[in-house]
Each structure stands twice: as C-alpha cells, then as structure tokens.
Amino acid sequence: MAIERTLSMIKPDAVAAGNAGNILQHFEDNGLRVVACKRTQLTVKQAQAFYAEHSERPFYGELVDFMTEGPIFAQVLEGENAILHHRSVMGATNPAKADEGTIRKLYAESMGRNACHGSDSAESASREISFFFSERDLIG
C-alpha cells in the first residue's frame, strides 16, 4: 500500500457547530495523520477558484456562498491510501446515505452542508494541497 497525502477541509457548517476538533480526532482515530492544518476564511474569489471545476453546475453559486460564510479548517492528511481512506471515513456526500460512524453521518446537516471535503484523486490532492499550503508547510 502507498503512503499518500490528501487535502481535507472542514467546512463552515461543521466549524460553526463546534465540531472541528471532533472531526480531526475522527480522522486521526482512523489512521490519518495531520501533517499541516490551518483555520482560515475563504474569500469569494478563493472559493470560486477552488471550486472552478463546478462553475457550470447549478449549485456553484450556493456552494461559493456557503464556503465563504465562515471559517474553515484546511488540513493535509497522510496515511496508507489516504485519498480513498479519507473519503471512506467522510462517508457519502448525502448524510442520509452515509454509513453509520462516518463523519457526514455524525456531523453533516444536509447534502449541501455536508461538514467536510476531501480530494477525489491524486491529481486533485496535489492541486488542492498547493492551494492552501506550500511545501514548507508540510511537516512530515
């Protein structure tokens, strides 16, 4: 198995609800190690850039509004097959369909306010990590 890094983001809904610490602990309890983490608030321009691949989708405007409504935690997680493992720990996008014990089942409000984001491929992970962190920030 390969050691990988992935971007993980705790979204404004989960931060506002005071669940960021619980979510980070959940990742660590499931074998993912935090190698970088920061709390920040996205500007509209940053949110638009981060989610540019969705710009033609009908939910894009709502997504940008949501992601700029409050602070987020961005972190780089590392572990064996971290990209797929992280997505499994997060659970299905729709919390009603998420498995018991997953982050979205435990903390998400709805499909649109789903507590967290995770990279979906090695290419996305590389791009998304560099959006928030420099190589110097990544402490292995």
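Please read these numbers as outputs of a predicted model, since none were measured by experiment.
- With contacts defined as side-chain heavy-atom distances shorter than 4.5 Å, the pair Pro95/Lys105 does not qualify.
- A donor-acceptor pair is defined here as one N or O able to donate and one able to accept, closer than 3.5 Å; no such pair exists between the side chain of Glu78 and the backbone of Arg33.
- Here the straight-line distance linking atom CG of Asn22 with atom CD of Gln25 works out to 8.5 Å at 0.5 Å rounding.
- Here the CG atom belonging to Leu24 is positioned 4.0 Å from the CD1 atom belonging to Ile10, to the nearest 0.5 angstrom.
- In this structure, Glu62 places its CD atom where only 12 or fewer heavy-atom neighbours from other residues, nucleotides or ligands lie under 6.0 Å away.
- Residue Leu42 holds its CG atom at 8.0 Å from OH of Tyr51, rounded to the nearest 0.5 Å.
- Here the straight-line distance linking atom CZ of Arg127 with atom CD of Glu53 works out to 5.0 Å at 0.5 Å rounding.
- Judged purely by distance below 3.5 Å, without hydrogens or angles, the side chains of Asp137 and Ser134 pair a donor atom with an acceptor atom.
- A 4.5 Å side-chain heavy-atom check between Gln48 and Tyr60 finds at least one atom pair inside the cut-off.
- Residues Ile23 and Val89 share a hydrophobic cluster, clusters being chains of Ile/Leu/Val/Met/Phe/Trp/Tyr side chains in contact below 4.5 Å.
- Note on ring orientation: taking the six-membered ring where Trp is involved, the planes of His117 and Phe50 are perpendicular (angle over 60°, cut-offs 30° and 60°).
- Taking the centre and axis of the six-membered ring of Phe133, the NZ or CZ atom of Lys38 falls inside the cone set by 45° and 6.0 Å.
- Counting heavy-atom neighbours within 6.0 Å of Glu135 CD, excluding the residue itself, gives a total of 12 or less.
- Salt-bridge check for Glu109 with Arg104: failed, with every basic side-chain N at 4.0 Å or more from each acidic carboxylate O.
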Practice problem: Begin with the C-alpha distance, continue with both residues' side-chain angles, and end with the deciding distance and a verdict on side chain to side chain contact (heavy atoms under 4.5 Å, CB included) for Thr40 and Ile72. | Solution: CA-CA 6 Å; Thr40 189; Ile72 57 114; 3.7 Å; yes
Self-check item: side chain to side chain contact (heavy atoms under 4.5 Å, CB included) between Leu77 and Val34, worked out
Solution: CA-CA 5 Å; Leu77 303 177; Val34 178; 3.6 Å; yes
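- Ile129 and Leu32 end up in different hydrophobic clusters when Ile, Leu, Val, Met, Phe, Trp and Tyr side chains are linked at under 4.5 Å.
- Hydrophobic clustering, with ILVMFWY side chains joined whenever heavy atoms are under 4.5 angstrom apart, groups Leu106 together with Phe73.
- No side-chain N or O of His86 forms a donor-acceptor pair with one of Thr6 less than 3.5 Å apart.
- Side chain of Asp13 to main chain of Ala115: a donor-acceptor pair is present (N/O by atom type, distance under 3.5 Å, no hydrogens or angles).
- No path of Ile, Leu, Val, Met, Phe, Trp and Tyr side chains, each step under 4.5 Å between heavy atoms, connects Ile83 with Leu138, placing them in separate hydrophobic clusters.
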Practice problem: Carefully, step by step, assess Val44 and Thr68 under the rule side chain to side chain contact (heavy atoms under 4.5 Å, CB included). | Solution: CA-CA 6 Å; Val44 169; Thr68 58; 4.3 Å; yes
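- A heavy-atom distance below 4.5 Å is found between the side chains of Ile103 and Phe27.
- Remark: the backbone N or O of His26 is paired with a side-chain donor or acceptor of Asn30 at under 3.5 angstrom.
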Quiz item: Could you walk me through whether Lys11 and Val15 pass the side chain to side chain contact (heavy atoms under 4.5 Å, CB included) check?
Solution: CA-CA 6 Å; Lys11 294 180 177 181; Val15 174; over 6 Å; no
